[in-house]
Number of protein chains: 2
Amino acid sequence: MTTKVGRPLRADAERTVRAILEAAERVLAQDPAASMERIAEEAGVNRTTIHRRFASREALLEAMTLAALGQVREAIEAGRPETAPPEVALHQITANVLAVKLGWRFALTRPAPEGSPAARAQEEIVHRCDTLLAKVQRAGLIRPDVDVTWARQVYYALLYQALESAEPADLDARAALVVRTLLHGIG
Amino acid sequence: MTTKVGRPLRADAERTVRAILEAAERVLAQDPAASMERIAEEAGVNRTTIHRRFASREALLEAMTLAALGQVREAIEAGRPETAPPEVALHQITANVLAVKLGWRFALTRPAPEGSPAARAQEEIVHRCDTLLAKVQRAGLIRPDVDVTWARQVYYALLYQALESAEPADLDARAALVVRTLLHGIG
DNA sequence: GCTAACCGCAACAGTCTTGTTGCGAATAAT
DNA sequence: ATTATTCGCAACAAGACTGTTGCGGTTAGC
């Protein structure tokens, strides 16, 4: 359960919820143990307002993660993994996902609680990723003997690392670096 | 400042300190927000005993990180980065560091506070790592155009990933996988 | 064996956090 | 224009956690 109320929210309330989610991301990215008070302050909102929309701290985190994963999902779909040529899709998706991850560093790093909707969303994305990588492998860009799971883990690790490192500044350049390193290493 | 007392500890106190550090690693690896009470319980010790040895929770974390970084340092030196042939050293150090990281997952993942001794130790290790990779590069195993910083980041990322993934079980096999992926990618 | 160090235990103080409730003013939606 | 929603504010309850102190029995080290 994400929000407390089921009925559709008024426009201003909707805006407030988004502001809270985004503030939470900003604050928690800096300090994962930050209090609700601190998040409320960053959102320009009273602490009680957060509790009005989210049943608990946990619920807020869940909502953040779900929102972020939704955007990752869109980022993947925008790369047309099914139809585009594998190498094009790989590059495009890498760039798109990097962009999303830049804005949702905390939410996307946090391990989702077992069995939660967020965990399911994560699994679905993992599955899509595996499908894409398998396709790339069939296209001959990945050696046939490489385990897809290991391929995905390395891909994830490189995506994460490309976020931490400051350069290159350009998103496409970063994506290219990730893909090149993934496929050919540095040797 | 790590411990509260400057004078040499009695043998049993020394043992207790080690037990606390190791218990903290086990507990915090599972739940980074675990309380001192929980850590004390795991160490088979009263909570006040922890406070007798460590001025604060922060001090305990610092001590853990320092201890772990010391072991990493030993793991690197045991690989003879200066004298052994680059590829041998790279493999050996990878295996050694993986072994240490397995036991100090939390302490080595936690970002060290700015300016702390732990931060300095981390920087020194980064420097040693860069030196090693530069040597590997001069030996022709890494392309000359690859940035050493990026090389190190990818290396770190692969080390981390090799910890998360369950297989292969054998440490040397894991190290080989890391080195191979680092140098040649998966394509 | 003497002595200082060690550690469990009980109790306490203080702070911080989460989560709740009720009221009243502002505002979106019809 | 009316009405229900929204949100700031103040206050409260409950609990968790950190850090401290004093006492007393036990144990390591000389």
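Hydrogens, waters and symmetry mates play no part in the numbers below; they use all other heavy atoms, side chains included.
For the pair A:Arg52 CZ and C:dC23 C1', the computed distance is 11 Å after rounding to whole Å. Atom pair B:Glu14:CD and C:dC6:C1' shows a separation of 13 Å (rounding to whole Å applied). We find that CG of A:Leu61 is positioned 10 Å from P of C:dG19, with the value rounded to whole Å. Taking atom CG of A:Leu60 as the reference point, atom C1' of C:dT17 lies 15 Å away to the nearest angstrom. Atom CZ of B:Arg57 is separated from atom C1' of D:dC17 by 9 Å (rounded to the nearest Å). When the P atom of D:dG19 is taken as reference, atom CD of B:Glu37 falls 14 Å away, rounded to whole Å. Between the CZ atom of A:Arg15 and the P atom of C:dA26 there is a distance of 18 Å, given to the nearest Å. Across the protein-nucleic acid pair, A:Phe54 atom CZ and D:dT6 atom P stand 13 Å apart, rounded to whole Å.
In this structure, the nucleotide among C:dT18, D:dG8, D:dT18 sitting nearest to the side chain of A:Ser35 is C:dT18. Closest to the side chain of A:Asn46, out of C:dG8, D:dG8, D:dT18, is D:dG8. Side chain of B:His51, nearest nucleotide from C:dG8, D:dG19, C:dC7: D:dG19. When distances are taken from the side chain of A:Asp12 to each of D:dT6, C:dA11, C:dC7, the shortest belongs to D:dT6.
Counting only N and O atoms by type, the side chains of B:Thr94 and B:Tyr155 include a donor and acceptor under 3.5 Å apart. Of the N and O atoms on the side chains of A:Arg53 and A:Thr16, not one donor lies less than 3.5 Å from an acceptor on the other residue.
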- Task: Given salt bridge (charged side-chain N to carboxylate O under 4.0 Å, His left out), test B:Arg18 with B:Glu14 step by step and report yes or no.
- Result: CA-CA 6 Å; B:Arg18 299 192 69 87; B:Glu14 200 86 50; over 6 Å; no

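Across all strands shown, A:Arg7 has heavy atoms under 4.0 Å from sugar-phosphate atoms exclusively, and none from any base. Note on A:Ser56: only backbone sugar-phosphate atoms sit closer than 4.0 angstrom, heavy atoms only; bases stay farther off. At a threshold of 4.0 angstrom between heavy atoms, the contacts of A:Thr48 include nucleobase atoms, whether or not backbone atoms are also involved.
Residue B:Arg10 has no polar side-chain atom (N or O) positioned under 4.0 Å from OP1 or OP2 of D:dG29. A sub-4.0 Å separation between OP1 or OP2 of C:dC6 and a side-chain N or O of B:Arg53 is present.
Looking at which nucleotide of DNA chain C each of A:Ala34 and B:Ala13 is closest to, the 5′-most match is held by B:Ala13. Comparing B:Thr16 and A:Ala33 against DNA chain C, the residue whose closest nucleotide sits nearer the 5' end is B:Thr16.
With rounding to the nearest 0.5 angstrom, the CG atom of A:Leu158 is 5.5 Å from the CH2 atom of B:Trp150.
When each of B:Leu182, B:Leu90, B:Val148, B:Leu133 is tested with B:Ile142 by the rule side chain to side chain contact (heavy atoms under 4.5 Å, CB included), just one qualifies, namely B:Leu133.
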